[in-house]
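Here's the structure we're looking at; comments come further down.
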Amino acid sequence: MNKAATRALVTGGSGGIGAAICRRLGAAGHFVYVHAHRGTAAAAAIVNDIVSAGGQAAAVHFDLTDADSTRTAVEKLLEEGAVQVLVNNAGIHDDAVFPGMSAEQWHRVID
């Protein structure tokens, strides 16, 4: 990794919107951490796209709803240096409109 590059972490980077954000940040010269929880193959493909285009990137995998897992992963990233850009893009959709959501659905979406 180029130490001079601004480091960016995009949560949910393996999804459609997150992938577009990652590719744009990579094209702008940032070192991009492409986060995934379940989409590990997609994150690897996005990293490959960024690197093939001359950028710098790495995939990171952890569950944002697990505080300990998240803390461990972020602390590891910070050992390599500060992350200057954070895009909180991760999220899920639970097929229900708000008034029809169960408490369990609501908490899954919010978490």
Side-chain angles (χ1 to χ4, degrees):
M1 172 182 60
N2 176 354
K3 293 290 183 187
T6 301
R7 293 160 26 107
L9 169 60
V10 180
T11 66
S14 63
I17 294 170
I21 294 168
C22 289
R23 288 184 181 105
R24 179 70 178 201
L25 287 168
H30 301 279
F31 183 99
V32 182
Y33 288 107
V34 181
H35 165 262
H37 174 214
R38 293 184 187 96
T40 56
I46 294 159
V47 166
N48 187 52
D49 290 348
I50 293 168
V51 171
S52 293
Q56 302 175 80
V60 293
H61 309 282
F62 55 92
D63 179 358
L64 283 169
T65 67
D66 179 336
D68 291 333
S69 169
T70 300
R71 182 179 303 106
T72 299
V74 170
E75 286 174 352
K76 184 176 179 183
L77 292 180
L78 293 176
E79 287 175 1
E80 299 172 16
V83 173
Q84 293 86 5
V85 178
L86 172 62
V87 180
N88 286 311
N89 173 70
I92 65 163
H93 174 68
D94 203 329
D95 289 332
V97 294
F98 174 70
M101 284 182 145
S102 68
E104 181 180 271
Q105 287 173 305
W106 173 252
H107 287 290
R108 239 187 343 260
V109 170
I110 294 302
D111 285 349

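Just the heavy atoms: all of them, side chains too, but no hydrogens, waters or symmetry mates, feed the values below. FYI, the numbering just counts along the sequence from 1.
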For [X] versus [Y], what's the shortest heavy-atom pair and its separation?
X: Ser14; Y: Ala43; value: CB-N, 3.8 Å
X: Arg7; Y: Ala82; value: NE-O, 2.8 Å
X: Gly13; Y: Ile46; value: O-CD1, 3.2 Å
X: Ser69; Y: Asp66; value: N-OD1, 3.0 Å
X: Gly12; Y: His35; value: N-ND1, 2.9 Å
X: Ala8; Y: His30; value: CB-CB, 4.4 Å

Establish whether [X] and [Y] are linked, either directly or via other cluster members, by ILVMFWY side-chain heavy-atom contacts under 4.5 Å.
X: Val34; Y: Leu25; result: yes
X: Val51; Y: Ile21; result: yes
X: Val85; Y: Ile17; result: yes
X: Ile50; Y: Val87; result: yes
X: Val47; Y: Val32; result: yes

Evaluate side chain to side chain contact (heavy atoms under 4.5 Å, CB included) for Glu80 paired with Tyr33, printing each intermediate quantity in order. CA-CA 12 Å; Glu80 299 172 16; Tyr33 288 107; 2.7 Å; yes
Residues which pass side chain to side chain contact (heavy atoms under 4.5 Å, CB included) with Asn88, listed by chain and number, not counting sequence neighbours: Thr11, Leu86
Pairing residues for Thr70 by the side chain to side chain contact (heavy atoms under 4.5 Å, CB included) criterion, not counting sequence neighbours: Phe62, Leu64, Val74
